[in-house]
Structures are given as C-alpha cells and as structure tokens.
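Model, not experiment: these values are computed from the prediction. Letters A, B, ... are given to chains in the order of the sequence lines, protein chains preceding strands, and every chain is numbered from 1.
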Amino acid sequence: MWHDSPQGAAAGRIVETEAYLADDPACHASRGMTPRNRVMFGLPGTAYVYFVYGMHYCFNVVTAPPGVGEAVLVRALEPLWNLSLMRTRRGAKTDADLCRGPARLVQALGLGRADNGRDLCSGPLVILPGWREEGEKVSVSPRIGIVAGRDLPLRFYLAGNPFVSRGPRKKAGD
DNA sequence: CTCTGGATTGAC
DNA sequence: TCAATCCAGAGG
C-alpha cells in the first residue's frame with residue numbers, strides 16, 4: 001500500500017491482516033450502523049480508520065457490498081519506500097519496528113482521522129496488487145487483542161516474516 | 001449525562 | 001506486565 005502526502009510518499013507491502021465479518025461479535029459493524037462504523041457499510045475499497053485506546057488509529061479496507069458491514073484490518077507492512085520519512089514520523093529505533101503493528105503503520109504512512117472514508121482505488125492512498133517471494137507461505141491464526149470471537153482463525157500473515165506484528169509469527173510447531 | 005472498556009504501544 | 005488517554009456505545 002502507498003500513501004502520498006505533502007511531506008512525501010511512503011509505501012510498504014502488506015504482510016499481515018485480519019478479517020472482521022458482519023456476523024462476528026468482534027466486528028465493529030456487527031451490531032448495526034453507528035456514527036463510527038458508518039463507512040463500513042459503504043462501498044468496498046474505501047478506507048475505514050478508527051481511533052482506539054485514546055491514542056492510536058487503525059486502518060481497514062471495507063470489503064463487502066454496500067449495506068454489509070465487513071472490513072479487513074491491515075496489521076503490518078514490510079516497509080519498502082521512503083523509510084527515512086517513516087523514521088521521522090515514528091521516531092523508531094529500528095526499521096523493523098517502523099510498520100510492525102496496526103497503529104505503527106498508520107503512523108509511519110502519515111494516516112489519520114481524515115483518511116476515514118477515502119477511496120482506495122484512486123487518489124493519494126492506494127492499495128496495489130501484492131506478491132509473494134519464492135518460498136513464502138501464508139499462515140492463519142486467531143486474531144490479536146480481541147475478546148469476542150477470539151477463536152476464529154481470521155488472522156493471515158506471512159510465516160516467519162520479521163515485519164509481522166507481535167503475536168505468533170510462526171505456525172505453532174515450527 | 002454517566003460509565004465502561006477497547007482490533008495498541010512503549011516503557012519498566 | 002502495566003499505564004497512558006479519550007471516545008464510542010449502552011443505559012438511565
């Protein structure tokens with residue numbers, strides 16, 4: 001994913017996501033539309049950005065047709081472009097920590113409240129087709145940091161990738 | 001209006 | 001392991 005801003009552009013490859021389905025108690029939209037989750041019920045391909053814990057933002061992609069509240073949370077990026085800008089924004093000590101976590105990548109890319117509802121198919125914030133390097137595999141696990149629906153296997157990540165956030169980076173047993 | 005708890009992070 | 005920090009959502 002890529003973000004162009006007045007301070008410059010920055011980009012990274014998505015290496016970890018979580019799905020939030022309409023009938024899933026952990027999904028913000030599972031109990032109907034509210035002022036916060038409004039955009040989740042809109043067009044797929046729009047950004048859903050929300051504020052948590054009094055200090056952090058998380059970035060999601062709306063994925064279902066209008067009227068159905070579902071989204072995918074982007075939890076980690078492998079930083080690829082303009083790491084120096086990311087470093088400035090994050091003040092991170094190591095490059096590995098630049099985008100390793102949902103609120104961290106939001107900070108590294110310079111996203112925020114203003115990006116909620118933005119079209120991701122055109123404009124300064126876009127998601128491009130992804131890829132996998134030779135030998136890389138996608139693993140599945142329960143989602144991180146939630147209570148309701150914690151057993152559902154809806155977290156997807158590149159096994160062993162160092163840019164995957166806190167929580168299991170490897171399949172159990174590896 | 002009041003109250004509770006959270007899709008996290010960084011310091012200890 | 002724990003505090004920071006404030007808002008969304010539910011209930012009165």
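In this structure, the side chain of A:Glu78 does not engage the main chain of A:Arg13 through any donor-acceptor pair within 3.5 Å.
Computed from coordinates, the A:Arg155 CZ to B:dA7 P distance equals 16 Å when rounded to whole Å. Between A:Tyr20 atom OH and B:dG6 atom P there is a gap of 12 Å when expressed in whole angstrom units. When the P atom of B:dG10 is taken as reference, atom CG of A:Asp97 falls 7 Å away, rounded to whole Å. In this structure, the NE2 atom of A:His56 is 9 Å from the P atom of B:dT8, given to the nearest Å. Whole-Å rounding puts the A:Asn116 CG to C:dC7 P distance at 15 Å.
Here A:Arg100 does not reach the OP1 or OP2 of B:dT8: none of its side-chain N or O atoms lies under 4.0 Å away. For the pair A:Arg31 and C:dA8, the criterion of a side-chain N or O lying under 4.0 Å from OP1 or OP2 is not met. Contact annotation: A:His28 reaches the phosphate of B:dA7 (side-chain N/O to OP1 or OP2, under 4.0 Å). At C:dA8, none of the side-chain N or O atoms of A:Thr34 fall inside 4.0 Å of OP1 or OP2 (strictly under the cut-off).
Going from the P atom of B:dT2 to that of C:dT5 covers 22 Å, rounded to whole Å.
Side-chain proximity of A:Met55 to the nucleotides C:dA4, B:dT8, C:dG9 is greatest for C:dA4. Of all nucleotides listed (C:dG9, B:dA7, C:dC6), C:dC6 comes nearest to the side chain of A:Phe51. Comparing B:dG10, B:dT8, C:dC7 by their closest approach to the side chain of A:Arg75 singles out B:dT8.
Within 3.5 Å, a donor on the side chain of A:Tyr50 pairs with an acceptor on the base of B:dA7, or the reverse.
No side-chain heavy atom of A:Asp151 sits under 4.5 Å from any side-chain heavy atom of A:Pro142. Here the side chains of A:Val74 and A:Asn60 are not in contact, with every heavy-atom distance at 4.5 Å or above.
A:Arg143 comes within 4.0 angstrom of nothing in the nucleic acid, heavy atoms only. Contacts of A:Ala103 with the nucleic acid, taken as non-hydrogen atoms under 4.0 Å apart, involve only primed sugar atoms and P, OP1 or OP2. Residue contacts for A:Arg90: at a heavy-atom cut-off of 4.0 Å it reaches the sugar-phosphate backbone alone, with no base atom in range.
Note that A:Arg143 lies in the cation-pi zone of A:Tyr20, set by a 6.0 Å cut-off to the ring centre and a 45° limit from the axis.
Across all strands shown, B:dA7 forms no Watson-Crick or G-U wobble pair with both key distances under 3.5 Å.
Each of A:Arg36 and A:Tyr53 lies near DNA chain C, and the nucleotide nearest A:Tyr53 is the one positioned closer to the 5' end.
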Which pairs of donor and acceptor atoms, one on a side chain in residues 107-130 of chain A, lie under 3.5 Å apart (sequence neighbours left out)?
residue  : atom : partner  : partner atom : Å
A:Gln107 : OE1  : A:Arg90  : NH1          : 3.0
A:Arg113 : NH1  : A:Tyr57  : OH           : 3.2
A:Asp115 : OD1  : A:Arg118 : NH1          : 2.6
A:Asp115 : OD2  : A:Gly112 : N            : 2.9
A:Asn116 : OD1  : A:Val49  : N            : 2.9
A:Asp119 : OD1  : A:Cys121 : N            : 2.9
A:Asp119 : OD2  : A:Ser122 : OG           : 3.2

